[in-house]
> 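This structure is in structure tokens; I'll ask about it shortly.
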Amino acid sequence: MPTFIDHLRALGPEALAQLLDARPDLSVPPPGTLRALAARATTRASVERALADVDATVLAALEAVVALAAHARHRQSAGPGLDDVSVALGLDAGPVVALGRRLGLLWGDDQLRPAPGLADALGPHPAGLGPALTLGDDPDAPDTGDPEVVARLLTEAPPGAAAVLQALTWGPPVGRAPTDAGPARSAVVWLLRQRLLVRGDAQHVLLPREVALALRGGRTVATPPVAPALEPVPVDPAALDAGAVHEALETVRLVTAVLTEWGAHPPSVLRSGGLGSRDLRRLATDLEATPERTALVLEVAGAAGLLVDDGEDPPSFAPTSWAEEWSLLPVAEQWVRLTRAWLESERAAWLVGTRDDRGALRGALEPESRRPWARRVRHAVLEVLADLERPGRLTPDQVHAALAWRAPRSTPPLHAIEASLAEAESLGVLSSGALTASGRALLTGDPARAAEALAARVPAPVDEILLQGDLTGIVPGRPSPELDELIDLTAEVESRGAGLTVRFGAASVRRALDHGWSAEETLAALSRHARGGVPQPLEYLVLDTARLHGQVRAGAAMSYLRAEPAALAGVADDPTLRDLGLRQLAPGVLVALAPAAELVERLRARGIPAVVEDSHGVVLRERIVPRRVRVPRQHPVAVPEPEARRRHLDRVVADLLGAEAVDAAPSSAPAPARAGVDARGPGEPHSQHPEQGTEDPLEALALLREAVADRRQVVLEIAGPDGPTRRVVRPVRVDGGRVRAVDTEREAELTIAVHRIIRVTFQGDA
């Protein structure tokens with residue numbers, strides 16, 4: 001009987017390259033031989049990785065082959081044919097079986113066989129079917145795999161027997177045996193006597209695979225597994241573009257504001273490594289955003305390398321040296337860098353604000369919020385929207401249903417899908433629930449096209465403001481960088497939208513004066529951008545604020561205050577300033593025990609417009625140098641081009657076939673006696689594949705999995721304290737570096753550690 005290793009030997013270079021391309025883990029690192037490739041391809045981890053990406057139709061086909069193959073062995077057949085699988089699925093199984101072959105999960109030509117390890121990965125009840133059972137040696141025993149026999153037996157069944165079989169037909173095939181006397185117990189006893197049920201243990205009964213297939217009419221699924229029909233809600237393209245641009249610009253603005261704020265006032269890092277909830281709420285208030293969106297902005301900025309724990313003592317979060325480079329980019333490219341970082345990040349921003357297993361509150365930028373599967377979820381969710389025939393909105397339940405069909409073995413939870421959709425909407429990747437043009441380009445790995453798509457829709461910056469007599473102003477669009485800086489220094493933003501509404505006041509104008517601007521410079525800057533000039537009320541506000549500004553001055557004494565006596569009246573006796581150690585030296589002169597900068601900050605918070613002067617009485621301009629943490633430049637991981645990957649796979653295949661040719665070449669000298677695995681396939685002459693030594697236990701596992709899949713006996717040479725021993729066994733399960741097998745000579749079960757096995761040989765080849 002041929003084996004899986006023989007199947008790999010029979011594949012040509014093209015088919016081997018397709019296998020390695022479909023399952024990248026098999027070629028990293030490159031296997032040395034085809035036996036090593038077979039061993040790696042049949043490990044539980046590799047099979048699970050391959051199953052994680054197959055859709056429900058392919059998975060149903062694999063389960064059908066596993067179920068029917070076990071059934072066929074008891075019918076003295078090597079495996080089911082393609083027609084049998086098509087009947088089992090209720091559809092043409094040709095394409096999905098071909099995909100299973102390309103993945104190395106199925107093999108065989110006329111009779112299909114599952115790869116070793118596939119049955120274990122699918123579980124004990126593939127397609128909801130129980131174990132396949134033999135009919136025994138009794139020629140008079142009913143053939144419970146024959147639908148006609150089952151139908152005839154059911155006509156003679158006592159009441160309740162048909163209902164028991166109906167409950168177990170489509171799985172799970174395990175039922176609890178009734179313990180109390182009555183019709184149900186009588187029905188189960190009759191079914192056991194007729195071999196329509198078998199005992200699992202003292203409390204459970206099993207529906208045999210033959211009986212279930214007979215009751216199902218040869219089907220392994222109740223309905224053909226096809227993709228769910230998705231009906232998206234149509235979205236207006238104009239609204240789609242407008243919403244995407246607004247959210248993209250808002251994302252860039254929020255990140256810029258965070259970098260500015262934390263560059264001047266870095267927040268502390270908690271002992272857990274995250275940001276405190278109080279700091280998060282304070283930042284959200286300053287940004288005029290919700291805590292959830294603020295957490296997302298922080299996580300995205302951290303993923304983009306713009307924020308980092310500075311590692312100081314005590315540590316704090318601060319912008320990195322990349323922040324300067326990012327701030328000089330056009331707004332579309334800024335957005336692309338942020339959203340690419342979000343798409344590829346393993347951070348789960350939706351966990352911020354929830355509690356962990358210990359009941360502790362999770363904070364933003366916390367190391368424990370890393371989820372390796374978060375990147376895959378984002379890609380999967382966006383790909384569902386990208387595959388729609390026309391742009392539209394899907395509900396989270398619809399996306400979940402689509403993903404449950406696309407990858408039933410690795411379907412993300414609904415809450416992760418909801419969070420991914422919400423985050424994509426907040427960042428401008430989605431708009432009104434539909435994928436934008438820039439988001440689609442981002443998903444396909446084309447950042448340049450994504451930036452172009454967004455830049456084409458971003459309105460040109462506006463360099464003028466309409467000032468009004470009620471001390472308000474309107475910017476009809478997105479302000480230019482120069483105008484935006486002027487607004488930050490002189491006004492407070494009241495509302496954002498298609499335009500910007502701002503209000504001027506004494507406190508906002510004082511910011512410009514604190515930065516060293518004179519009244520004339522402030523009015524001149526406003527005049528340059530004002531459409532129609534500066535209104536008289538605003539001009540008076542600037543002049544009046546400037547006249548009062550700087551009346552109270554602080555210096556180092558440790559610090560001092562000097563002003564007109566009236567301006568300092570009551571300051572020294574203020575109980576809220578008592579900790580500053582203020583005392584009066586002379587009329588209009590106070591000294592303090594606090595530094596001048598702290599003294600001025602406290603006085604401003606109390607509404608006293610104080611400034612700092614130098615030793616010559618010259619007012620010092622306040623220049624806050626943004627803090628930046630230097631980090632090494634990270635070069636993006638190069639993604640191999642298709643041609644380069646193809647050449648790499650061709651080299652791996654050539655090395656495999658070359659090594660196989662050397663192994664198969666006849667040798668004039670006898671092979672040295674070395675511990676290893678017999679490389680010969682069943683029935684092959686000794687000269688065709690001489691014994692080859694190996695130190696890799698994975699190759700032993702490959703042959704053992706072959707034996708489990710085919711229920712074949714093997715000869716094991718096992719290392720022991722008294723030397724090697726030889727046992728003839730039938731392996732039952734290979735898992736966790738151990739082999740569970742039945743010793744057919746002693747009629748006993750044993751478990752053997754793989755590292756103790758010296759040689760594995762199929763019985764008949766030894």
> Check whether any side-chain heavy atom of L34 sits under 4.5 Å from a side-chain heavy atom of L16, and report yes or no.
yes
> Could I get the full list of salt bridge (Lys or Arg N to Asp or Glu O under 4.0 Å) partners for R406, not counting sequence neighbours?
D387
> Could you report the tightest heavy-atom contact between W405 and P228, atom names first, then the distance?
CB-CD, 3.6 Å
> Using only atom types and a distance under 3.5 Å, with no angle test, would you say the side chain of T33 pairs donor to acceptor with the backbone of A36?
yes
> Mind listing the closest non-hydrogen atom pair of P31 and S27 along with its distance?
CD-CA, 4.2 Å
> Test your reading of the model: is there a side-chain donor-acceptor pair from R730 to the backbone of A741, 3.5 Å cut-off?
no
> Could you tell me if the side chain of L197 sits less than 4.5 Å from the side chain of V164, heavy atoms only?
yes
> Given side chains that start at C-beta, do those of R740 and E749 come closer than 4.5 Å, heavy atoms only?
yes
> Can you name the nearest heavy-atom pair linking S420 to V381, along with the distance?
CB-CG2, 4.4 Å
> Counting only pairs under 3.5 Å, give me each side-chain donor-acceptor contact of residues 166-191, with atom names and distances, residues two or more places apart or in other chains.
{"from": "T169", "atom 1": "OG1", "to": "L165", "atom 2": "O", "distance (Å)": "2.5"}
{"from": "R185", "atom 1": "NH1", "to": "P178", "atom 2": "O", "distance (Å)": "3.0"}
{"from": "S186", "atom 1": "OG", "to": "G182", "atom 2": "O", "distance (Å)": "3.0"}

> Would you confirm whether R209, through its side chain, and A67, through its main-chain N or O, come within 3.5 Å as a donor-acceptor pair?
yes
> In terms of side-chain geometry, is the basic nitrogen of E660 or R35 positioned less than 4.0 Å from the acidic oxygen of its partner?
no
> Stepwise, does the side chain to side chain contact (heavy atoms under 4.5 Å, CB included) test hold for I718 with R727?
CA-CA 8 Å; I718 307 170; R727 303 284 289 269; 3.9 Å; yes
> Does the distance from a Lys or Arg side-chain N to an Asp or Glu carboxylate O, for R152 and E148, drop under 4.0 Å?
no
> Within a strict 4.5 Å, meaning less than it, do heavy atoms of the L657 and P13 side chains meet?
yes
> Any side-chain heavy atom of P391 sitting closer than 4.5 Å to one from L435?
no
> Measure from the side-chain N and O atoms of T42 to the backbone N and O of A39, and report whether any donor-acceptor pair falls under 3.5 Å.
yes
> Report the distance from atom CZ of R738 to atom CG of L750, rounding to the nearest 0.5 Å.
11.5 Å
> Is a side-chain N or O of D6 found less than 3.5 angstrom from the main chain of T3, in a donor-acceptor match?
yes
> Looking at D109, is its backbone amide N or carbonyl O close enough to the side chain of R101 to form a donor-acceptor pair, meaning the two atoms are under 3.5 Å apart?
yes
> Show the numbers, then the answer: is there a side chain to side chain contact (heavy atoms under 4.5 Å, CB included) between V742 and V729?
CA-CA 5 Å; V742 175; V729 301; over 6 Å; no
> Looking at side-chain heavy atoms only, is the closest gap between L19 and R102 below 4.5 Å?
no
> Give the ring-plane orientation class for H415 versus W350, where under 30° counts as parallel, over 60° as perpendicular and anything between as tilted.
perpendicular
> Ignoring hydrogens, what is the shortest heavy-atom contact between R390 and P232? Give both atom names and the distance.
NH2-O, 4.3 Å
> Output a table of donor-acceptor pairs, distance under 3.5 Å, between side-chain atoms of residues 82-96 and any protein atom two or more places apart or on a different chain; print 'none' if there are none.
{"from": "D84", "atom 1": "OD2", "to": "G81", "atom 2": "N", "distance (Å)": "3.0"}
{"from": "S86", "atom 1": "OG", "to": "L82", "atom 2": "O", "distance (Å)": "3.1"}
{"from": "S86", "atom 1": "OG", "to": "A93", "atom 2": "N", "distance (Å)": "3.1"}
{"from": "D92", "atom 1": "OD1", "to": "G94", "atom 2": "N", "distance (Å)": "3.1"}

> Output yes when a side-chain donor or acceptor of R40 lies under 3.5 Å from a complementary backbone atom of L26, and no otherwise.
yes
> Is the shortest side-chain heavy-atom distance between V211 and P208 below 4.5 Å?
yes
> Output yes when a side-chain donor or acceptor of T57 lies under 3.5 Å from a complementary backbone atom of P225, and no otherwise.
yes
> Specify the closest pair of heavy atoms between E717 and R726, including all atoms of both residues, with the distance to one decimal.
OE2-NH1, 4.4 Å
> Return a table of donor-acceptor pairs under 3.5 angstrom between the side chains of residues 122-130 and protein atoms on other chains or two or more places apart.
{"from": "H125", "atom 1": "ND1", "to": "L129", "atom 2": "O", "distance (Å)": "3.4"}

> Looking at every heavy atom in both Q203 and D201, which two are closest together, and how far apart are they?
N-OD1, 2.8 Å
> Can you name the side chain to side chain donor-acceptor pair (under 3.5 Å) partners of D397, sequence neighbours left out?
none
> Who are the salt bridge (Lys or Arg N to Asp or Glu O under 4.0 Å) partners of R219, not counting sequence neighbours?
none
> The test is salt bridge (Lys or Arg N to Asp or Glu O under 4.0 Å); show your working for R195 and E210 and say whether it passes.
CA-CA 10 Å; R195 296 179 61 85; E210 296 93 338; over 6 Å; no
> Flag the pair T411 / H400 as yes when at least one side-chain heavy-atom distance between them is below 4.5 Å, and no otherwise.
yes
> Does R113 form a side chain to side chain contact (heavy atoms under 4.5 Å, CB included) with L106? I'd like the steps, not just the answer.
CA-CA 6 Å; R113 300 176 64 185; L106 298 178; over 6 Å; no
> Between the side chain of E156 and the main-chain N/O of L153, is any donor-acceptor distance below 3.5 Å?
no
> Check the pair L207, L196 against side chain to side chain contact (heavy atoms under 4.5 Å, CB included), reporting the backbone distance first and the verdict last.
CA-CA 7 Å; L207 180 66; L196 294 174; 5.9 Å; no
> For the backbone of A52 and the side chain of S410, can you confirm whether one donor and one acceptor N or O come within less than 3.5 Å of each other?
yes
